[in-house]
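Note that the structure is a prediction, hence the values are computed from the model and not measured. Quick note: numbers below take in every heavy atom, side chains included, and nothing from hydrogens, waters or symmetry partners.
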Amino acid sequence: QVQLVESGGGLVQAGGSLRLSCTASGSIFSSLTMGWYRQTPGKQRELVAWITRGGSANLADFVKGRFTISRDNAKNTVYLQMNRLKPEDTALYYCNRVGVQRLDYWGQGTQVIVSS
């Protein structure tokens with residue numbers, strides 16, 4: 001069963017934009033906070049942004065001012081709008097619940113590559 005499906009990644013030049021999407025089951029969304037994570041070889045997976053059921057959004061300092069997280073509960077979908085991308089944003093991006101409610105499995109992720 002695939003319960004987390006990320007999409008929207010791709011190859012872009014520095015300064016460009018991408019919009020990532022994550023669809024999940026209704027049970028995953030419920031009233032819980034959803035987040036976007038990213039992973040680069042040699043680095044620990046890090047939380048990029050998160051958003052509550054009611055739409056309160058938060059961003060990690062390293063993407064603040066460039067990324068925006070949003071959600072559509074009716075569609076069981078979380079989005080990550082990424083603007084002014086930098087080469088250091090290159091990573092595999094995942095979605096999941098946040099905190100103690102985080103699922104113990106991950107989707108396949110979606111690859112973001114930012115060229116110079």
Looking at every non-hydrogen atom in both residues, tell me the closest pair between [X] and [Y] and how far apart they are.
{"X": "Leu80", "Y": "Ala49", "result": "CD1-CB, 4.1 Å"}
{"X": "Gln108", "Y": "Glu6", "result": "N-OE1, 3.6 Å"}
{"X": "Leu85", "Y": "Val12", "result": "CD1-CG2, 3.6 Å"}
{"X": "Asn96", "Y": "Tyr37", "result": "CB-CE1, 3.7 Å"}
{"X": "Leu32", "Y": "Gln101", "result": "CD2-CG, 4.0 Å"}
{"X": "Gln81", "Y": "Leu18", "result": "NE2-O, 3.6 Å"}

**Message:** Could you tell me if Arg38 sits above the aromatic ring of Tyr94, with its cationic atom closer than 6.0 Å to the ring centre and no more than 45 degrees from the axis?
**Reply:**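 No, Arg38 does not sit over the ring of Tyr94.
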**Item:** Cation-pi check, Arg45 onto Trp106 ring (under 6.0 Å, within 45° of axis)
**Value:**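 That pair qualifies as a cation-pi contact.
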**Asked** Is Leu4 reachable from Val78 through a run of I, L, V, M, F, W or Y residues, each pair having side-chain heavy atoms under 4.5 Å apart?
**Response**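 Shared cluster, yes.
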**Item:** Gap between atom OH of Tyr93 and atom SG of Cys22 - 0.5 Å precision
**Value:**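 Between atom SG of Cys22 and atom OH of Tyr93 there are 14.5 Å.
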**Request:** Starting at CZ of Arg102, measure out to CZ of Arg97 and round the result to the nearest 0.5 Å.
**Result:**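 Arg102 atom CZ to Arg97 atom CZ measures 11.0 Å (nearest 0.5 Å).
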[X] side chain near [Y] side chain, heavy-atom distance below 4.5 Å:
{"X": "Thr23", "Y": "Lys75", "result": "no"}
{"X": "Glu46", "Y": "Gln39", "result": "no"}
{"X": "Leu59", "Y": "Val48", "result": "no"}

**Request:** Flag yes if more than 12 heavy atoms outside Glu88 fall under 6.0 Å of its CD atom; otherwise flag no.
**Result:**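 Yes, because the 6.0 Å sphere around CD of Glu88 holds more than 12 heavy atoms from other groups.
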**Prompt:** Does the side chain of Asp72 pick up a donor-acceptor pair with the side chain of Thr77 at under 3.5 Å?
**Reply:**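 Side chains of Asp72 and Thr77: no pair found under 3.5 Å.
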**Message:** Applying side-chain contact (heavy atoms from CB on, under 4.5 Å) to Trp50 and Trp36, what does each step give before you reach the verdict?
**Reply:** CA-CA 6 Å; Trp50 60 103; Trp36 282 97; over 6 Å; no
**Request:** Answer yes when Lys64 and Asp61 have at least one side-chain N-carboxylate O distance shorter than 4.0 Å, and no when they do not.
**Result:**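 Salt bridge flag = yes for Asp61 with Lys64.
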